[in-house]
Amino acid sequence: MQLQTNDTSEKKGTNLFSVPYHLENFIGGYFIGPLSGAFIENINPATGEVFCLVPDSNEKDIEVAVQAAKKALPQWSVTPVEERFKILNRIAKLIDENMDELALAETNDNGKPLWLSKRVDIPRASANFRFFATGIMHFASESHAMEDRAINYTLRQPVGIVGCISPWNLPLYLFTWKIAPALAAGNCVIAKPSEVTPVTAFLLSRIVKAAGLPDGVLNIVHGKGETTGEAIVKHPSIKAISFTGSTRAGARIASIAAPMFKKLSLELGGKNPNIIFDDCNWEKMMKTTIQSSFANQGQICLCGSRILVHENIYERFKETFVSQVKKLTVGDPLEESSKQGALVGKIHFDKIVAAVAMAKKEGGQVLCGGNVVDPGGRCSKGYFFEPTVIEGLACNTQTNMEEIFGPVVTLQKFSTDEEVLALANSCKYGLSATIWTQDISRANKIAAKLDAGIVWINCWLLRDLRTPFGGMKNSGVGREGGWDALRFFTEAKNICVEL
Ligand code: NAD
């Protein structure tokens with residue numbers, strides 16, 4: 001494909017998906033370096049080697065991006081939905097057509113197995129664009145008639161310029177989950193991917209340019225949370241912030257944005273319970289629990305990290321689960337046989353090592369895992385860790401209260417419904433929960449009482465993009481997905497006409 005851009009790698013005649021050594025911001029349709037000239041090193045976590053540099057942008061870059069967005073907004077906000085639908089669908093198509101290159105870039109940047117990037121991350125990125133392209137065509141607002149006196153109708157207008165900030169665990173998947181509804185609703189966007197995994201967001205800049213998204217409608221600015229991220233949150237012209245990341249950063253963002261009366265959507269951390277009753281479908285539960293514990297090296301906010309097992313099946317569960325976890329191969333993410341890839345980087349790796357040390361200090365028994373892995377060869381300097389199962393810890397230990405966000409789960413035993421509810425609801429998070437039982441009445445009663453924004457009964461991570469997605473308690477504020485996302489990215493204005 002031929003692109004009309006100032007992208008330097010393009011000028012050198014390299015391929016659309018080659019990753020340049022210096023990534024660039026995408027502002028007003030231009031590829032430009034950070035105004036400060038400063039860059040951050042980006043490593044491949046499977047090899048430990050630096051493979052590109054990321055712009056270390058600051059408030060000056062954000063100001064330029066806001067000016068570009070301001071220029072584009074008057075036209076984009078009134079662009080007919082049919083036209084937005086076409087452009088977003090073209091972006092989805094280009095993602096699909098370049099699946100292999102994007103998946104490889106995601107794996108090299110994040111450490112996740114290549115088969116996972118191909119099966120989940122990249123297909124979901126195109127699905128996000130397609131879903132919201134279609135969604136905006138069907139988005140309707142309310143009308144309230146006051147008998148023969150008056151009629152009210154609600155306009156849903158774009159918020160204006162919005163900020164989207166995303167984490168490293170599902171890089172392109174979550175980046176596009178925010179950007180697609182924001183663009184569909186007619187906003188101009190200043191978006192920042194995680195500085196830890198910026199590459200697919202950079203490649204998306206090239207894709208949106210090729211798809212004909214007008215210049216300045218989407219501006220992708222790279223950099224650190226405290227500088228680039230906070231500059232987005234603080235900018236007075238950015239009227240809404242959609243953030244996915246840690247509870248710590250969410251609290252900081254809320255403290256800045258709330259006094260400025262910005263709209264805020266915060267998708268934060270989790271410590272999700274996986275509740276297993278003795279009448280469950282054993283085979284399905286076991287297979288899914290392995291996935292819900294360790295998919296993406298346990299680095300999914302929806303992973304079940306506290307496994308609560310009925311006392312009647314506790315010993316049997318422990319034995320089977322541990323023997324199957326031991327079979328999960330940790331290795332080079334490029335190998336099809338690797339069930340587990342690398343952790344995302346050194347800081348996170350050190351955090352996981354420290355969390356397992358803390359679990360031992362608190363009296364936990366490590367049933368399997370707990371060790372660093374050296375897969376050898378090109379991965380001998382990478383960040384690999386065994387999937388780890390721990391038992392013997394009370395619900396109020398640090399290990400069972402704080403998010404670890406890695407391949408570490410704990411087992412706890414329960415005997416009654418009341419006890420398991422108390423255990424499940426005992427921590428400060430409330431993102432998701434999973435329940436395994438054939439007694440559907442019991443499952444529904446428990447589900448209604450759980451502190452969780454999302455509950456799966458006899459399944460996990462079965463996602464319908466129309467459903468409200470988000471958490472309660474310290475897991476966040478607001479909901480994404482479906483109409484919730486389109487409502488977040490629009491302002492409701494009621495107009496009352498007396499008849
Ligand atoms: P993080 O909070 O460190 O960073 C997330 C993003 O926010 C990054 O782009 C970062 O640069 C930016 N950021 C950090 N501090 C900021 C600040 N003060 N102002 C503005 N931006 C800032 O999180 P992470 O380590 O990248 O991701 C892991 C966390 O994300 C985990 O807690 C996980 O549970 C959570 N998460 C939640 C969901 C969800 O849907 N609830 C989904 C995925 C990940």
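Note that these values count all heavy atoms, side chains included, but never hydrogens, waters or copies made by symmetry. Start at 1 and go down the list; that is how both ligands and their atoms are numbered.
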### Query
Does the ring centre of W168 sit less than 6.0 Å away from the ring centre of F405?
yes
### Message
As a check for students: among A231, C301, G269, C164, identify the option with a heavy atom nearest to atom 42 (C) of ligand 1.
### Response
C301
### Task
Go through the side-chain N and O atoms of H222 and E195 and say whether any donor and acceptor fall under 3.5 Å apart.
no
### Nearest neighbour of atom 5 (C) of ligand 1 from the list V196, T244, I241, I300, on a heavy-atom basis
T244
### Task
Examine the proximity of ligand 1 to I253 and report which part, side chain or backbone, both or neither, has a heavy atom under 4.0 Å away.
side chain
### Task
Find out whether the Lys NZ or Arg CZ of R124 is both under 6.0 angstrom from the six-membered ring centre of W177 and within 45° of the ring's axis.
yes
### Task
Among all protein heavy atoms, pick out the one at the shortest distance from atom 35 (C) of ligand 1; state its residue, atom name and that distance to 0.1 Å.
G245 O, 3.2 Å
#### Entry: Any non-hydrogen protein atom less than 4.0 Å away from atom 27 (O) of ligand 1
yes
### Query
Any heavy atom of Q299 sitting closer than 4.0 Å to ligand 1?
no
### Query
Distance only, no hydrogens: is a donor on one side chain within 3.5 Å (strictly under) of an acceptor on the other, for E386 and N371?
yes
### Message
Give me the residue, atom name and distance of the protein heavy atom closest to atom 14 (C) of ligand 1.
### Response
G225 CA, 3.6 Å
### Query
What residue and atom, counting heavy atoms only, is the protein's closest point to atom 19 (N) of ligand 1, and at what distance?
E230 CG, 3.3 Å
### Query
Judged by modelled atom types alone, do N42 and D109 share a side-chain donor-acceptor pair under 3.5 Å?
yes
### N or O pair under 3.5 Å between K224 and ligand 1
no
### Task
Go through the side-chain N and O atoms of Q291 and W460 and say whether any donor and acceptor fall under 3.5 Å apart.
no
### Task
Please report the C-alpha distance between S166 and K192 in whole Å, then the side-chain angles of each, then the deciding distance to 0.1 Å, and finally whether the side-chain hydrogen bond (donor to acceptor under 3.5 Å, both in side chains) criterion is met.
CA-CA 7 Å; S166 60; K192 191 194 92 62; over 6 Å; no
### Query
Would one find an N or O of E403, backbone or side chain, under 3.5 Å from an N or O of ligand 1?
yes
### Query
What residue and atom, counting heavy atoms only, is the protein's closest point to atom 44 (C) of ligand 1, and at what distance?
N169 OD1, 3.5 Å
### Message
Counting only nitrogen or oxygen atoms and a 3.5 angstrom limit, does L268 reach ligand 1?
### Response
yes
### Query
Should you measure from each heavy atom of W168, which atoms of ligand 1 turn up under 4.0 Å away?
24 (P), 25 (O), 26 (O), 27 (O)
#### Entry: N or O pair under 3.5 Å between K192 and ligand 1
yes
### Query
So, do C301 and E267 sit near enough that their side-chain heavy atoms are less than 4.5 Å apart?
no
### Task
Considering only non-hydrogen protein atoms, determine which one is nearest to atom 8 (C) of ligand 1 and report residue, atom name and distance to 0.1 Å.
S166 O, 3.3 Å
### Task
Determine whether the side chains of T247 and N474 contain a donor N or O and an acceptor N or O closer than 3.5 Å.
no
### Message
Considering both backbone and side-chain atoms of S246, is one of its nitrogen or oxygen atoms within less than 3.5 Å of a nitrogen or oxygen in ligand 1?
### Response
yes
### Task
Report the nearest protein non-hydrogen atom to atom 40 (O) of ligand 1: residue, atom name, distance rounded to 0.1 Å.
F469 CE2, 3.3 Å
### Task
Measure up the Y383 and F349 rings against each other and bin them: parallel (under 30°), tilted (30 to 60°), perpendicular (over 60°).
tilted
### Task
Using distance alone, with no hydrogens and no angle criterion, decide if K178 and T244 have a side-chain donor and acceptor under 3.5 Å apart.
yes
### Message
So for G470, does at least one of its heavy atoms come nearer than 4.0 angstrom to any atom of ligand 1?
### Response
no
#### Entry: For atom 15 (N) of ligand 1, closest protein heavy-atom neighbour
A249 CB, 3.6 Å
### Message
Counting non-hydrogen protein atoms only, what is the nearest one to atom 7 (O) of ligand 1? Give residue, atom name and distance.
### Response
F243 CE1, 3.0 Å
#### Entry: Residues E391 and T410: side-chain donor-acceptor under 3.5 angstrom
no
### Query
For ligand 1, which atoms sit closer than 4.0 Å to a heavy atom of L174?
42 (C), 43 (C)
### Task
Using distance alone, decide if ligand 1 has a nitrogen or oxygen within less than 3.5 Å of any nitrogen or oxygen in E226.
no
### Task
State, to 0.1 Å, how close S292 and N274 come at their nearest heavy-atom pair, and which atoms those are.
OG-ND2, 3.7 Å
